Each structure stands twice: as C-alpha cells, then as structure tokens.
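Input: a single structure, listed below in structure tokens.
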Amino acid sequence: MAMPYRMKIIIPINDSAYNQELAEVARGVAPPDLQVDVSNITQGNSSIESRWDRMVNAPYVVDLAIQAQNEGYNGIFVSDFDYCGVEEAREVVSIPVIGGFRPSAFTAMSLAERFSIITVLASVEDMQREHVRSFGIAPNFASIIPVNLPVHELTERDKVIQKVYECSIKAIDEDGADAILLGCTGFMHIAAAVADKLAAKYQCNIPVIDPNMAAVNYLYMLMRTGQTQSRLTYHVPPNYKNQS
C-alpha cells in the first residue's frame with residue numbers, strides 16, 4: 001500500500017556518504033504514513049562550511065527540488081542548517097521546502113527561553129548569526145560556540161559527543177542558555193547522548209535539539225495540514241517557465 005505522504009530529503013553536498021545514516025535518522029522519527037527518501041546533489045562541493053560553499057551548491061539543490069515535485073513528493077527538507085538553496089527553491093516549487101535552522105529554533109523556543117547553537121567551525125558562526133537576525137529572534141539567542149571540527153569528522157561520535165557536551169556547559173554556565181541547538185545536520189546520533197550527560201550534571205532536563213529530527217516532523221506537520229510557502233513572500237520569477 002502506498003504511503004499517503006512522501007518526503008524528499010536533499011543533502012546539499014556532492015557526497016553520498018551520509019545518505020543511509022540520515023535516512024535511518026529520519027525514518028526513526030517518521031510517522032507510519034510517511035515515506036522518506038534521501039538524495040544528495042552530484043555536483044558542487046563536498047561540504048558546506050562557508051557562504052561560498054552554499055552559493056556553489058544551491059543551484060543543484062534547486063534542480064533536485066524541482067525534480068522531487070515533478071516526481072510527486074509532498075514536501076522537501078534540505079538537510080542543511082544554513083539553508084543552501086532553500087529560499088530559491090521556495091520560489092519555483094509549490095510544495096513546502098524547509099531547511100534545518102527554523103524548525104530547530106522554533107522547537108527550542110517552544111521549550112525554553114534562550115538557546116545556544118553548538119556548531120562546527122568558526123567559519124560558519126557569523127553566517128548562522130545571520131539566521132537569528134533574519135528571523136527576528138535575537139532576544140531568544142544566547143550564543144554560538146564551535147566545536148572546531150569539520151563536517152567530515154563528525155562521524156567520530158564519542159569525540160563529538162564530548163566536545164558538544166563541553167561547549168553546552170559553557171553555553172549554559174556562561175551565556176545563560178536554557179536549551180541547546182545542534183548547528184549542523186551532520187550532528188547525527190548526538191543529541192540524546194549529550195542531553196543525558198547534561199541531565200546527569202545539572203539534575204534536570206535541558207533540551208538538545210537534533211535539526212534533522214525537528215525538521216522531519218515540522219515538515220510532516222506542514223504536509224498534513226496542507227501548508228506551503230506564501231506566494232506573497234516567495235513570488236514565482238516572471239521568467240521561470242514551469243511556473244508553480
């Protein structure tokens with residue numbers, strides 16, 4: 001029996017190494033009536049650690065988004081905290097398209113007053129601060145702290161968990177964070193372990209938000225309720241031939 005809802009996850013890097021793991025993460029939190037499929041772009045750069053990476057890879061993300069709509073998917077999650085190609089894709093497809101930041105930030109703010117972002121490298125700090133300013137949530141933002149590991153080293157799970165835990169302590173004790181937001185969709189299978197370590201230290205629950213899990217369920221809500229991006233915000237370009 002066909003699933004009523006179909007979600008396409010686009011990994012916006014020219015590397016398929018993360019596809020299977022991300023599919024497992026997404027399907028682990030997906031409801032029974034949701035089919036999840038994962039694809040990566042096959043051109044561009046193999047990581048997004050700068051605005052330049054994001055710019056280079058964005059056109060290939062848009063192409064995959066158009067393809068996903070044509071194949072009958074009901075929604076698209078671009079698994080990137082920094083919105084590679086998301087805003088552009090929203091203008092040319094009619095199904096909902098989301099990235100990693102907004103669902104994670106909205107989740108954190110629904111559970112706590114102030115959140116800190118634990119991210120990968122110092123090179124993305126200012127780029128991610130731009131998201132906070134763009135979405136008008138600066139009063140809820142405590143800090144951003146890098147673990148100083150490139151994306152391709154995030155598979156060293158024990159090392160990453162410890163670094164994220166140490167940075168989270170700094171965010172809580174020094175910056176006043178009440179929740180932790182993992183600032184890279186490459187932080188897979190990390191959130192629960194960090195949350196357990198924080199609960200043991202502080203003897204209370206401190207939310208640690210996995211951006212992939214938050215996004216999958218946020219997008220599912222949009223799909224179930226028939227919501228998509230506003231055409232008053234995301235106008236179809238007048239010279240776009242296959243107007244949606």
Side-chain angles (χ1 to χ4, degrees), residues 1-13 16-41 61 64-87 89-90 93-112 115 117 131 135 154 157 161 179-196 199 205-230 234 244:
M1 179 178 177
M3 293 290 189
Y5 299 98
R6 299 175 65 208
M7 178 185 298
K8 171 65 80 171
I9 299 180
I10 297 173
I11 300 181
I13 61 173
S16 62
Y18 307 98
N19 291 27
Q20 183 175 349
E21 185 176 13
L22 180 53
E24 292 171 357
V25 169
R27 291 167 185 158
V29 296
D33 62 345
L34 177 63
Q35 174 185 328
V36 177
D37 298 308
V38 178
S39 298
N40 63 284
I41 63 172
V61 171
L64 276 187
I66 295 169
Q67 179 180 326
Q69 176 170 268
N70 291 340
E71 291 174 350
Y73 285 91
N74 306 107
I76 298 165
F77 164 41
V78 179
S79 182
D80 177 41
F81 197 77
D82 298 310
Y83 274 62
C84 179
V86 170
E87 298 293 271
R90 284 180 164 191
V93 302
S94 295
I95 58 177
V97 184
I98 66 169
F101 176 77
R102 272 191 275 201
S104 304
F106 296 161
T107 300
M109 290 189 297
S110 73
L111 300 174
F115 67 88
I117 299 170
H131 307 330
F135 302 130
L154 298 184
R157 194 153 299 142
I161 289 170
I180 301 299
L181 199 167
L182 300 181
C184 177
T185 52
F187 283 124
M188 289 184 274
H189 303 293
I190 298 297
V194 174
D196 287 344
N205 178 63
I206 299 170
V208 180
I209 310 300
D210 179 308
N212 292 303
M213 293 181 178
V216 166
N217 284 283
Y218 189 84
L219 179 57
Y220 177 73
M221 178 272 292
L222 295 179
M223 293 158 56
R224 280 294 302 262
T225 56
Q227 299 296 329
T228 191
Q229 50 271 6
S230 171
Y234 298 96
S244 53

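Predicted model, so just to flag it, every value in this text is computed and none were measured.
Between Ile95 and Asn74 there is no side-chain heavy-atom pair separated by less than 4.5 Å. Here the side chains of Val78 and Val97 are in contact, with some heavy-atom distance below 4.5 Å. Proximity of Tyr18 to Asn40: side-chain heavy atoms (C-beta onward) are nowhere separated by under 4.5 Å. Two residues are said to be in side-chain contact when any heavy atoms from C-beta on lie closer than 4.5 Å; Met223 and Pro96 meet this criterion.
For the atom pair CD1 of Ile66 and CD1 of Ile76, the computed distance is 9.0 Å after rounding to the nearest 0.5 Å. The structure places OH of Tyr83 at 7.0 Å from CD1 of Ile98, a figure rounded to the nearest 0.5 Å. Atom CG of Asn205 and atom CG of Asp196 lie 10.0 Å apart (nearest 0.5 Å). For the atom pair CD1 (Ile209) and OG (Ser110), the distance works out to 7.0 Å, reported to the nearest 0.5 Å. Atom-to-atom distance recorded for Leu22:CG and Thr185:OG1 is 7.0 Å, nearest 0.5 angstrom.
Results of the side-chain contact (heavy atoms from CB on, under 4.5 Å) test with Ile9 over Val216, Asp37, Leu219 single out Val216 as the only residue that passes.
Residues meeting the salt bridge (Lys or Arg N to Asp or Glu O under 4.0 Å) test with Glu87, sequence neighbours left out: Arg90, Arg102.
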| task | Could you walk me through whether Arg224 and Asp33 pass side chain to side chain contact (heavy atoms under 4.5 Å, CB included), step by step? | result | CA-CA 10 Å; Arg224 280 294 302 262; Asp33 62 345; 3.5 Å; yes

| task | Output, in order, the C-alpha distance, side-chain angles, deciding distance and verdict of side chain to side chain contact (heavy atoms under 4.5 Å, CB included) for His189 and Glu21. | result | CA-CA 9 Å; His189 303 293; Glu21 185 176 13; 2.9 Å; yes

| field | Derivation of the side chain to side chain contact (heavy atoms under 4.5 Å, CB included) call for Asn212 and Ser79 | value | CA-CA 7 Å; Asn212 292 303; Ser79 182; 2.8 Å; yes

| request: With side chain to side chain contact (heavy atoms under 4.5 Å, CB included) as the test, would you mind laying out the steps for Thr107 and Asn217 before giving the verdict? | output: CA-CA 11 Å; Thr107 300; Asn217 284 283; over 6 Å; no

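The shortest non-hydrogen separation linking Val194 to Ile161 is CG2-O, 3.9 Å.
Ring geometry, Phe101 versus Phe135: the interplanar angle falls under 30°, so the pair is classed parallel (tilted spans 30 to 60°).
In this structure a side-chain-to-backbone donor-acceptor pair under 3.5 Å is present from Thr228 to Ser94.
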